[in-house]
J.: 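My structure is below; once you've seen it, I'll send some questions.
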Amino acid sequence: MDIIFYHPSFDTAFWLDELSRVMPAARIREWKAGDNDPADYALVWHPPVEMLQGRSLKAVFALGAGVDSILSQLKAHPEMLPLSVPLFRLEDTGMALQMQEYAVSQVLHWFRRFDDYALLKQQATWQPLDEYQREDFTIGMLGAGVLGSKVAESLQEWGFPLRCWSRSRKNWPGVKSFAGEEELGAFLQGTRVLINLLPYTPETVGIINLSLLNQLADDSYLINLARGVHVVEDDLLKALDEGKLKGAMLDVFSEEPLPATSPLWAHPRVAMTPHVAAVTRPLEAITYIAWTISQLEEGKPVTGQVDRTRGY
């Protein structure tokens, strides 16, 4: 079989060597402009339209958990990838563990009031603070896919009340499930820490706005691990300044890199990281891709295929 590879920032030589090692029978090459030779599979991230257009592919693999860049290209160029060609995303490949680390560390940071103690330190103030109670520290996962289930699983052992909201109802042990637009308000009411893990779809753009944030418990917190476009940043700042939100931890932003002029940089209740909550782990991703291709070649069922009508 023939496999073409394109990623604008990955170490291409490393990927080609490792892919060749685990799939010795495959012919694997880096795609470059003008390459119109046949290919069976494409491994891509932000691919040029001409890379996929007009090819008879068996499947395309997005080299990350999100596929929004490809889907946005397809809106303008639907001929780029026919619906008959399966599109796969990396379901886990080490990302779940990273998301767990990120979410647990930040929840505990807030629960133990380390954010408040950091501000007191700046004032040279020695002041023990009242403890928060676990039963009052309800954590809600906004989005309940593979990564959401793993984050909920990692928080269970800490004894916090857990809930999730998604398009369809989930049956996770120890997690109260809310489903559909009609149950979103009930999910938000009483939620103290909101963890956003939603997919990027037209319906979820701007979903975390002032109206939504005002339905959370007082002195609530937000962790955004999904996409920057989910959050209306001006509304987030307003909720923080008005005291509805006590803190926000942001890994993703509507514009990346975040411009130096953004007021998020200077806000004392906003912490941030540069889109590193969960990065693609090459060896785990390569193992997943090789296994999935082998299953496809044998006509066996696989997971990770994107429903292009839903966007995830």
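As a basis for the values below, the full set of heavy atoms in this structure was taken, side chains included, without hydrogen atoms, waters or symmetry mates.
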J.: Do Cys164 and Phe178 come within less than 4.5 Å of each other through their side chains, counting heavy atoms only?
T.: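 No; the side chains remain at least 4.5 Å from each other.
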J.: When rounded to the nearest 0.5 angstrom, what is the spacing between CZ in Arg167 and CG in Leu198?
T.: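 One finds 12.5 Å between CZ of Arg167 and CG of Leu198.
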J.: Any chance you could measure Glu101, atom CD, to Gln106, atom CD, to the nearest 0.5 Å?
T.: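 Rounded to the nearest 0.5 Å, the CD-CD separation comes to 14.0 Å.
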J.: Does some side-chain heavy atom of Tyr41 sit less than 4.5 Å from a side-chain heavy atom of Ile289?
T.: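 No, too far: nothing below the 4.5 Å cut-off.
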J.: Looking only at non-hydrogen atoms, find the nearest pair between Gly311 and Thr201 and report the distance.
T.: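 Nearest pair, atom of Gly311 first, then Thr201: CA-CG2, 4.4 Å.
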J.: Go through the structure and list residues passing salt bridge (charged side-chain N to carboxylate O under 4.0 Å, His left out) with Asp136, not counting sequence neighbours.
T.: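 Asp136 satisfies salt bridge (charged side-chain N to carboxylate O under 4.0 Å, His left out) with no other residue.
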J.: Please confirm whether the backbone N or O of Met1 pairs with a side-chain atom of Asp40, one donor and one acceptor, at under 3.5 Å?
T.: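 Flag not set: sc Asp40 to bb Met1 has no pair under 3.5 Å.
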J.: Minimum heavy-atom separation for Ala285 to Thr93, with atom names?
T.: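 Taking every non-hydrogen atom into account, CA-CG2, 3.6 Å.
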J.: Checking the side chain of Asp17 only, and the main-chain atoms of Phe14 only, is there a donor and an acceptor separated by less than 3.5 Å?
T.: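 Not confirmed, Asp17 side chain does not pair with Phe14 backbone.
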J.: Which heavy-atom pair separates Val67 from Ala62 by the least distance, and what is that distance?
T.: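 Heavy-atom minimum between the residues: CG1-CB, 3.7 Å.
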J.: Does a salt bridge link Arg112 with Glu131, judged by any charged N lying under 4.0 Å from a carboxylate O?
T.: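 No, Arg112 and Glu131 are not salt-bridged.
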J.: Rounded at 0.5 Å granularity, tell me how far CD1 in Ile3 sits from CZ in Arg29.
T.: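 Between Ile3 CD1 and Arg29 CZ, I get 10.5 Å after rounding to 0.5 Å.
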J.: To check you understand the geometry: which heavy-atom pair defines the closest contact between Asp251 and Glu256, and what is its length?
T.: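 Nearest pair, atom of Asp251 first, then Glu256: O-OE2, 4.3 Å.
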J.: Taking all non-hydrogen atoms of both residues, which atom of Val151 and which atom of Ala103 are closest, and how far apart?
T.: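 Where Val151 meets Ala103 most closely, the heavy atoms are CG1-CB, 3.7 Å.
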J.: Any heavy-atom pair between the side chains of Val107 and Leu155 that's under 4.5 Å?
T.: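 Yes - at least one pair of side-chain heavy atoms lies under 4.5 Å apart.
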J.: Please check if Tyr102 and Leu97 belong to a single hydrophobic cluster, counting links between Ile, Leu, Val, Met, Phe, Trp and Tyr side chain heavy atoms closer than 4.5 Å.
T.: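 No, no single cluster joins them.
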J.: Answer yes if the side chains of Asn224 and Asn196 hold a donor-acceptor pair under 3.5 Å, and no otherwise.
T.: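 Short answer, yes.
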J.: Please tell me whether Leu236 and Leu258 are part of a single hydrophobic cluster in this structure, the criterion being side-chain heavy atoms less than 4.5 Å apart.
T.: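 Result: yes, single cluster for both.
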J.: Looking at Asp35, is its backbone amide N or carbonyl O close enough to the side chain of Trp31 to form a donor-acceptor pair, meaning the two atoms are under 3.5 Å apart?
T.: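 Yes, because the side chain of Trp31 sits within donor-acceptor range (under 3.5 Å) of the backbone of Asp35.
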J.: Between Pro199 and His230, what is the shortest heavy-atom contact and its length?
T.: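 Between these two residues, the closest heavy atoms are O-NE2, 2.9 Å.
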J.: Between Gln295 and Val302, is there a donor-acceptor pair closer than 3.5 Å when you use the side chain of the first and the backbone of the second?
T.: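 Side chain of Gln295 to backbone of Val302: no pair is present.
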J.: Out of the candidates Val193, Leu216, Ile139, only one should pair with Tyr221 under the side chain to side chain contact (heavy atoms under 4.5 Å, CB included) rule; please name it.
T.: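 Between Tyr221 and the candidates, side chain to side chain contact (heavy atoms under 4.5 Å, CB included) is satisfied uniquely by Val193.
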J.: Does either side chain, that of Tyr6 or that of Thr12, offer a donor lying less than 3.5 Å from an acceptor on the other one?
T.: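 Per modelled atom types, Tyr6 and Thr12 side chains form no pair under 3.5 Å.
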J.: Under 3.5 Å, is there a donor-acceptor pair between the side chain of Gln215 and the main chain of Ser211?
T.: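 Yes, the answer is positive, given that a donor and an acceptor are paired below the 3.5 Å cut-off.
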J.: When rounded to the nearest 0.5 angstrom, what distance separates CD in Glu233 from CG in Leu250?
T.: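 Rounded to the nearest 0.5 Å, the CD-CG separation comes to 7.5 Å.
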J.: Between Leu222 and Met249, is the side-chain contact (heavy atoms from CB on, under 4.5 Å) condition met? List the steps.
T.: CA-CA 6 Å; Leu222 170 68; Met249 183 72 198; over 6 Å; no
J.: Quick check: does any side chain N or O of Thr273 sit under 3.5 Å from a backbone N or O of His275, one acting as donor and the other as acceptor?
T.: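 The answer is no, because no donor-acceptor pair under 3.5 Å joins these two groups.
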J.: Do Leu225 and Met99 make a side-chain contact, defined as non-hydrogen atoms from C-beta onward lying under 4.5 Å apart?
T.: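 Yes, side chains in contact.
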J.: Filter on ring-ring contact (aromatic ring centres under 6.0 Å, His included), then keep only pairs touching residues 53-85, sequence neighbours left out; what's left?
T.: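 Non-adjacent pairs meeting ring-ring contact (aromatic ring centres under 6.0 Å, His included): Phe61-Phe88.
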J.: Hey, any chance Ile208 and Val270 share a hydrophobic cluster, counting ILVMFWY side chains that come within less than 4.5 Å of each other, even indirectly?
T.: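 Linked within one cluster.
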J.: Take Thr309 and Leu83 through the test side-chain contact (heavy atoms from CB on, under 4.5 Å) and record every step on the way to the result.
T.: CA-CA 10 Å; Thr309 61; Leu83 280 170; 5.7 Å; no
J.: Please check if the side chain of Glu153 supplies one atom and the backbone of Ser149 the other of a donor-acceptor pair under 3.5 Å.
T.: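 Not a single qualifying donor-acceptor pair exists.
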J.: Given 3.5 Å as the limit, does a donor-acceptor pair link the side chain of Arg27 with the main chain of Ile4, or not?
T.: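 Absent.
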J.: Can you confirm whether or not the ring centre of Phe5 sits under 6.0 Å from the ring centre of Trp15?
T.: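 That pair passes the under 6.0 Å test.
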J.: Within a strict 4.5 Å, meaning less than it, do heavy atoms of the Thr303 and Glu91 side chains meet?
T.: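 SC-SC contact between Thr303 and Glu91 confirmed.
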J.: Hey, any chance Met141 and Ile207 share a hydrophobic cluster, counting ILVMFWY side chains that come within less than 4.5 Å of each other, even indirectly?
T.: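 No; tracing contacts between hydrophobic side chains, which count when under 4.5 Å, never links both residues.
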J.: So among Leu90, Ile286, Leu63, which one has a side chain to side chain contact (heavy atoms under 4.5 Å, CB included) with Thr280?
T.: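 With Thr280 as partner, side chain to side chain contact (heavy atoms under 4.5 Å, CB included) holds for just one option, Leu90.
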J.: Do Glu284 and Met95 have side chains that approach each other closer than 4.5 Å (heavy atoms only, starting at C-beta)?
T.: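 Glu284 does not reach Met95 side chain to side chain.
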J.: Report the C-alpha distance between Leu87 and Leu71 in whole Å, list the side-chain angles of each, state the deciding distance to 0.1 Å, and finish with yes or no for side-chain contact (heavy atoms from CB on, under 4.5 Å).
T.: CA-CA 10 Å; Leu87 173 62; Leu71 296 180; 4.2 Å; yes
J.: Using the salt bridge (charged side-chain N to carboxylate O under 4.0 Å, His left out) criterion, which residues pair with Arg227? Sequence neighbours excluded.
T.: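 Here the qualifying residues are Asp68.
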J.: Can you tell me if Arg163 uses its side chain to pair, donor with acceptor, with the backbone of Thr138 under 3.5 Å?
T.: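 A pair under 3.5 Å: no.
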J.: Could you go through residues 117-125 and list every donor-acceptor pair under 3.5 Å that involves a side-chain atom there, pairing it with any protein atom two or more places apart or in another chain?
T.:
residue: Tyr117; atom: OH; partner: Leu129; partner atom: N; Å: 2.9
residue: Thr125; atom: OG1; partner: Gln123; partner atom: O; Å: 3.3

J.: Do Leu240 and Leu194 sit in the same hydrophobic cluster, where Ile, Leu, Val, Met, Phe, Trp and Tyr count as joined when their side-chain heavy atoms come under 4.5 Å apart?
T.: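 Leu240 clusters together with Leu194.
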J.: Is the count of non-hydrogen atoms from other residues, nucleotides or ligands lying under 6.0 Å from Lys176 atom NZ greater than 12?
T.: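 Atom NZ in Lys176 is not packed in, count stays at 12 or less.
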J.: Under 4.0 Å between a side-chain nitrogen and a carboxylate oxygen: does that hold for Glu183 and Arg169?
T.: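 The answer is yes: the pair qualifies as a salt bridge.
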J.: If only atom types and distance count, is the side chain of Trp110 paired as donor or acceptor with the main-chain N or O of Asp115 below 3.5 Å?
T.: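 No, the answer is negative, given that no donor and acceptor are paired below the 3.5 Å cut-off.
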J.: How many angstroms lie between CG in Asp219 and OH in Tyr132, if you round to the nearest 0.5 Å?
T.: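 Interatomic distance, Asp219 CG to Tyr132 OH, rounded to 0.5 Å: 6.0 Å.
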J.: Taking the inter-plane angle between the rings of Phe137 and Phe160 on a 0 to 90° scale, is it parallel (under 30°), tilted (30 to 60°) or perpendicular (over 60°)?
T.: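 The rings of Phe137 and Phe160 sit tilted, inter-plane angle from 30° to 60°.
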J.: Could you walk me through whether Gln73 and Met80 pass the side-chain contact (heavy atoms from CB on, under 4.5 Å) test, one step at a time?
T.: CA-CA 8 Å; Gln73 286 175 294; Met80 173 180 165; 3.6 Å; yes
J.: If you measure from NZ on Lys246 to OG on Ser220, what distance do you get to the nearest 0.5 Å?
T.: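 Output value for this atom pair is 11.0 Å.
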J.: Lys300: what forms a side-chain hydrogen bond (donor to acceptor under 3.5 Å, both in side chains) with it, not counting sequence neighbours?
T.: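 Scan of Lys300 (side-chain hydrogen bond (donor to acceptor under 3.5 Å, both in side chains), adjacent residues dropped) gives Glu298.
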J.: Answer yes if the side chains of Gln53 and Glu79 hold a donor-acceptor pair under 3.5 Å, and no otherwise.
T.: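 Note: Gln53 and Glu79 side chains meet the donor-acceptor criterion.
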J.: Go through the structure and list residues passing salt bridge (charged side-chain N to carboxylate O under 4.0 Å, His left out) with Lys170, not counting sequence neighbours.
T.: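 Salt bridge (charged side-chain N to carboxylate O under 4.0 Å, His left out) check on Lys170 returns nothing, list empty.
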J.: Do Val85 and Lys58 make a side-chain contact, defined as non-hydrogen atoms from C-beta onward lying under 4.5 Å apart?
T.: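 A side-chain contact under 4.5 Å is absent here.
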J.: For the aromatic rings, using the six-membered ring if either is Trp, is the centroid distance between Tyr200 and Tyr312 under 6.0 Å?
T.: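 No, the ring centres sit 6.0 Å or more apart.
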